[in-house]
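What follows is one structure encoded as structure tokens, with my remarks underneath.
Numbering starts at 1 and runs along the sequence shown. The analysis underlying the following values was restricted to heavy atoms, covering all of them including side chains, and did not include hydrogens, waters or symmetry mates. None of the values given here were measured: they were computed from a predicted structure.
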Amino acid sequence: MNSITEILSDKDWEFFCNDWRETLRVANEEDFVYLDPPYVGRHTDYFNSWTDEDAIDLSTSTNNLNCQFA
């Protein structure tokens, strides 16, 4: 049986630090997108909160992806 390190080591990983909209815009069918958004009404940083509209936008964008996601 392969270890998790062996299973993951042959993947071509890329990590991005940018707005989620841009990340989803460039995702293609070979990608797997992991989403962990804040709770509605909670802060995304020290000043801005995650709104109902943000959650709806993320849901719509996610459902339009042509790749797998969690």
Side-chain angles (χ1 to χ4, degrees):
M1 177 176 280
N2 293 335
S3 71
I4 191 70
T5 304
E6 292 171 324
I7 293 169
L8 297 177
S9 66
D10 68 341
K11 305 297 183 219
D12 185 20
W13 298 99
E14 289 186 58
F15 295 88
F16 299 94
C17 182
N18 56 0
D19 186 89
W20 64 266
R21 292 166 186 87
E22 178 60 25
T23 301
L24 296 184
R25 189 173 12 262
V26 299
N28 65 57
E29 64 272 352
E30 296 177 4
D31 293 330
F32 179 85
V33 176
Y34 175 74
L35 303 149
D36 187 19
Y39 294 105
V40 171
R42 298 291 298 269
H43 294 291
T44 58
D45 58 26
Y46 291 109
F47 305 104
N48 300 306
S49 65
W50 185 255
T51 66
D52 288 336
E53 184 176 316
D54 293 324
I56 292 167
D57 288 347
L58 179 60
S59 176
T60 301
S61 297
T62 303
N63 286 319
N64 289 324
L65 286 174
N66 61 350
C67 64
Q68 296 181 4
F69 61 89

Donor-acceptor contact below 3.5 Å, side chain [X] vs main chain [Y]:
X     : Y     : value
Asp57 : Asp54 : no
Thr60 : Ile56 : yes
Asp31 : Asn28 : yes

Using the rule that Ile, Leu, Val, Met, Phe, Trp and Tyr join whenever any side-chain heavy atoms are under 4.5 Å apart, tell me whether Phe69 and Leu58 fall into a single cluster. yes
Is the count of non-hydrogen atoms from other residues, nucleotides or ligands lying under 6.0 Å from Glu22 atom CD greater than 12?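 Check passes, neighbour count above 12.
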Taken in chain and number order and not counting sequence neighbours, the residues that satisfy salt bridge (charged side-chain N to carboxylate O under 4.0 Å, His left out) with Asp19 are Arg21
Do Leu24 and Val33 have side chains that approach each other closer than 4.5 Å (heavy atoms only, starting at C-beta)? yes
Atom pair CZ (Arg25) and CH2 (Trp20), whose distance is rounded to the nearest 0.5 Å: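 Rounded to the nearest 0.5 Å, the CZ-CH2 separation comes to 9.5 Å.
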